[in-house]
Amino acid sequence: MRRLRTQVAIVGAGPSGLLLSHLLALRGIDSIVLEQRSRDYVEQRVRAGLLEQGTVDLLREAGLADRLDREGLVHEGFELRFDGSQHRLPFTELTGWTTCMYGQQEMVKDLIRAREAAGGQVHFSVDDVAPRDVATTCPRVRCTIAGDAVEIAADFIAGCDGFHGVCRQTIPAGAVTTYEHVYPFAWLGILAAVPPSTVELLYAVHERGFALHSMRSPAISRLYLQVAPAEPLADWPDHRIWAELRTRFALDGEEALNEGPILSRSVTEMRSFAMEPMQYGRLFLAGDAAHIVPPSAAKGLNLAAADVRVLAAALTVWYAEGRPDLLEGYSRVCLAAMWQGQEFSAVMTSLLHRFPDEDRYAVKLRQARLRDLVTSRAAATAFAEQYVGLARTRLTGAAGAALSARPAQR
Ligand code: FAD
Ligand code: PHB
């Protein structure tokens, strides 16, 4: 068995694991990242696209935003369609904050390149990852790298291995409380090689179900349709997808939508999950490993980045000053932000979707809420503060400030 040692063993090379490794390296803290998939796979995996300004600022401060600043599409509002009418929610005018459209896989590529350039250790195609002794001060991770059995001794283990990862499973059931909610619908998402038909994101509430027009670049559109849970993709040939999108986005019977080749398609279930606390002994969970939200409000990746920011700050203070207080407060700070994100994701999900068991009364209440949002500046501002992530800074401000402390000297 080959034996390695590092300060923080990180499981998962998604946005959480890679960003954590990078932020720690900036502060002179050593880490090894272990990823079960190939590099190609993680760089091509199509997922999130909306980055809040706070997430962009974090990437910029960490020197990771060169390409993002060149290629990211900065947005200042979105369009909402319901009852045959269109409305604009000018979130930047209301909050001063913008959002940025930039594909998660592009962010992952940038992160991998940055780790590579800095000589960071990121291992792909790693099998049999198994955290051990996490309740002791000498946690270890066993795994198989390029066919060799390896044991990595660390001070801490960061579980950044997503919702289906192994780290959460190693925590004894009685040590945590979990919360789960599954919605009775899913999203069929496509990536299409066609210029977006809209400059800003377009959220359409329709009696046939919700539709979202998003984008990844001036040449690539990202579109979603509300469908039944576990909807077979085989039932959705290209022409049916485009026809349904046209119908749900139509205004005054006019159906204007650029169509093009579909590059990828998938069905995503709509689920919320949370675990409290997000720590067990020397194992700290971050991002989707600890919590997921339905994609309606685009919070998942942004919450993951917020966790990592707090964890990096807490580890920095632990290594630099030997103080455990920020690590001890990790769960408390992250959970407050996470529950805020859960609540807003649930609000946006119920505002935008047609529920299968919804009666006529519930439909009318939803329409009243939508009307309020586009006619009351107070309602729109409260919504916009959540949408752009400004509301979260009130919860994580203090912990975030600690991150700005001087990097530790080695
Ligand atoms: P992941 O991205 O899941 O990364 C975990 C990594 O761990 C993976 O690479 C995985 O292969 C690896 N791993 C798993 N198990 C093991 C193991 N046993 N050993 C080693 N490695 C392992 N969020 C937003 O903020 N904005 C959006 O616009 C948005 N849109 C979305 C749209 C869709 C359709 C979906 C599905 C999600 C969307 N999200 C969005 C959510 C966002 O994609 C996730 O929250 C984000 O990927 C979380 O990052 P993560 O690094 O925590 O987890
Ligand atoms: C996306 O582009 O994937 C996206 C954008 C906004 C959302 C959800 C998903 O609210």
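Every number for a ligand or one of its atoms is a count from 1 in the order of the listing.
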Task: Main-chain N/O of Gly77 paired to His75 side chain as donor or acceptor, under 3.5 Å - done: no
Open item on the list: At under 4.0 Å between heavy atoms, is it the side chain or the backbone of Val11 that contacts ligand 1, or both, or neither?
Closed with: side chain
- [ ] Grab the two heavy atoms, one from Ala313 and one from Leu326, that are nearest each other, plus how far apart they are.
- [x] O-CD1, 4.1 Å
Open item on the list: Using ring centroids (six-membered ring only for Trp), state whether Phe383 and Phe91 fall under 6.0 Å.
Closed with: no
- [ ] Please identify which atoms of ligand 1 are closer than 4.0 Å to at least one heavy atom of Tyr224.
- [x] 32 (C), 34 (C)
- [ ] Examine the proximity of ligand 1 to Val42 and report which part, side chain or backbone, both or neither, has a heavy atom under 4.0 Å away.
- [x] side chain
Open item on the list: Looking only at protein heavy atoms, which one is nearest to atom 1 (C) of ligand 2, and what is the separation?
Closed with: Arg216 NH2, 3.4 Å
Open item on the list: Students should be able to answer this: which protein heavy-atom is nearest to atom 3 (O) of ligand 2, and at what distance?
Closed with: Tyr224 OH, 2.6 Å
Open item on the list: If the cut-off is 4.0 Å to any non-hydrogen atom of Gly162, which atoms of ligand 1 fall inside it?
Closed with: 3 (O), 5 (C), 53 (O)
- [ ] Could you say whether the N/O atoms of Gln36 and ligand 1 ever approach to under 3.5 Å?
- [x] yes
TODO: Return yes if a side-chain donor-acceptor contact under 3.5 Å exists between Trp339 and His291, otherwise no.
DONE: no
Open item on the list: Less than 3.5 Å apart, any donor N or O on the side chain of Thr98 or Gln53 sitting next to an acceptor on the other?
Closed with: yes
Task: Enumerated ligand 1 atoms positioned under 4.0 Å from heavy atoms of Gly287 - done: 52 (O)
Open item on the list: Looking only at protein heavy atoms, which one is nearest to atom 25 (O) of ligand 1, and what is the separation?
Closed with: Leu301 N, 2.7 Å
TODO: Provide the number and element of each atom of ligand 2 under 4.0 Å from a heavy atom of Ala298.
DONE: 6 (C), 7 (C), 8 (C), 10 (O)
Open item on the list: Main chain of Arg271, side chain of Glu269: is a donor-acceptor contact present, judged purely on distance under 3.5 Å?
Closed with: no
Task: Proximal atoms of ligand 1 relative to Gln104 (non-hydrogen, under 4.0 Å) - done: 2 (O), 42 (C), 43 (O), 46 (C), 47 (O)
Open item on the list: Taking the six-membered ring for Trp, are Phe355 and His353 closer than 6.0 Å centroid to centroid?
Closed with: no
TODO: Do me a favour and list the nearest non-hydrogen protein atom to atom 8 (C) of ligand 2 with residue, atom name and distance?
DONE: Pro295 O, 3.2 Å
Task: Nearest non-hydrogen protein atom, atom 11 (O) of ligand 1 - done: Glu35 OE2, 2.6 Å
TODO: Determine whether the side chains of Trp187 and Gln226 contain a donor N or O and an acceptor N or O closer than 3.5 Å.
DONE: no
TODO: Give the residue and atom name of whichever protein heavy atom lies nearest to atom 49 (O) of ligand 1, and the separation in Å to one decimal.
DONE: Pro15 CD, 3.6 Å
- [ ] Using distance alone, determine whether Asp288 and ligand 1 share an N or O pair under 3.5 Å.
- [x] yes
Open item on the list: When you compare the side chains of Asp83 and Gln367, does any donor N or O come within less than 3.5 Å of an acceptor on the partner?
Closed with: yes
- [ ] Classify the side-chain pair Asp110/Tyr102 by whether it contains a donor and acceptor separated by less than 3.5 Å.
- [x] yes
Task: Side chain, backbone, both or neither: Ala289 near ligand 1, heavy atoms under 4.0 Å - done: neither
Open item on the list: Checking a contact table here: which protein heavy atom is nearest atom 14 (C) of ligand 1, and how many Å away?
Closed with: Asp161 O, 3.1 Å
Task: Leu225 and its side-chain contact (heavy atoms from CB on, under 4.5 Å) partner, picked from Val267, Leu245, Ile190 - done: Leu245
Task: Near-ring test Tyr203/Phe78, centroid separation under 6.0 angstrom - done: yes
TODO: Provide the closest heavy-atom pair for Ser214 versus Met101 in the form atom of the first, atom of the second, distance.
DONE: OG-CE, 3.2 Å
Task: Atoms in ligand 2 with a heavy atom of Ser214 nearer than 4.0 Å - done: 1 (C), 2 (O), 5 (C)
- [ ] Take every heavy atom of Glu52, measure it against each atom of ligand 1, and state whether any distance is under 4.0 Å.
- [x] no
TODO: Please say whether Ala298 places an N or O atom under 3.5 Å from an N or O atom belonging to ligand 1.
DONE: yes
Task: Side chain, backbone, both or neither: Phe163 near ligand 1, heavy atoms under 4.0 Å - done: neither
Task: No-hydrogen, no-angle side-chain donor-acceptor test under 3.5 Å, Ser345 and Ser296 - done: no
- [ ] Give the numbers and elements of all ligand 2 atoms closer than 4.0 Å to a heavy atom of Met101.
- [x] 2 (O)
Task: Proximal candidate to atom 5 (C) of ligand 2 [heavy atom criterion; set Thr99, Leu223, Leu201] - done: Leu201
TODO: List every atom of ligand 1 that sits less than 4.0 Å from any heavy atom of Arg222, numbering the atoms from 1 in the order shown and giving each element.
DONE: 34 (C)
TODO: Before signing off on this row, confirm whether Thr268 and ligand 1 have an N or O atom pair separated by under 3.5 Å.
DONE: no
TODO: Before giving the answer on ring pair (Phe, Tyr, Trp, His ring centres under 6.0 Å), spell out for Tyr179 and His181 the whole-Å C-alpha distance, their side-chain angles and the decisive distance to 0.1 Å.
DONE: CA-CA 7 Å; Tyr179 304 84; His181 182 79; over 10 Å; no
TODO: Run the numbers for me: atoms of ligand 2, each under 4.0 Å from some heavy atom of Tyr203, listed by number.
DONE: 6 (C), 7 (C), 10 (O)
Open item on the list: Under the criterion salt bridge (Lys or Arg N to Asp or Glu O under 4.0 Å), I'd like the reasoning laid out for Asp69 against Arg60: C-alpha separation, chi angles, the key distance, then a yes or no.
Closed with: CA-CA 9 Å; Asp69 280 333; Arg60 208 173 276 143; 2.8 Å; yes
Task: Option whose closest heavy atom lies nearest to atom 31 (C) of ligand 1, chosen from Ala48, Ala186, Ser125, Gly17 - done: Ala48
Task: Residue-ligand contact Gly49/ligand 1, heavy atom below 4.0 Å - done: yes
TODO: Out of Lys299, Arg45, Arg47, indicate the one that has the non-hydrogen atom closest to atom 37 (C) of ligand 1.
DONE: Arg47
Open item on the list: Which of the numbered atoms in ligand 1 are under 4.0 angstrom from any heavy atom belonging to Leu34?
Closed with: 20 (C), 21 (N)
Task: Ligand-side contact atoms (ligand 1) for residue partner Gly14, heavy atom cut-off under 4.0 Å - done: 4 (O), 6 (C), 9 (O), 51 (O)
- [ ] With atom 5 (C) of ligand 1 as the reference point, say which of Cys160, Gly12, Ser16, Pro295 has the nearest heavy atom.
- [x] Cys160
TODO: Any atoms of ligand 1 less than 4.0 Å from a non-hydrogen atom of Gly165? List them with their elements.
DONE: 15 (N)
Task: Which atom of Leu373 lies closest to which atom of Ala379, heavy atoms considered - done: CD1-O, 3.9 Å
Open item on the list: If only side-chain N and O atoms count, and only distance matters, is there a donor-acceptor pair under 3.5 Å linking Arg222 with Tyr224?
Closed with: yes
TODO: Tell me, with the steps shown, if Met278 and Glu276 meet side-chain contact (heavy atoms from CB on, under 4.5 Å).
DONE: CA-CA 5 Å; Met278 291 165 57; Glu276 291 188 342; over 6 Å; no
Open item on the list: One residue to check: Val129. Relative to ligand 1, which of side chain, backbone, both or neither has a non-hydrogen atom less than 4.0 Å away?
Closed with: side chain
Task: Residue pair Arg354 / Phe185: nearest heavy atoms and the distance that separates them - done: O-CD2, 3.9 Å
Open item on the list: Would His164 count as being in polar contact with ligand 1, using the rule that some N or O on each side must be under 3.5 angstrom apart?
Closed with: no
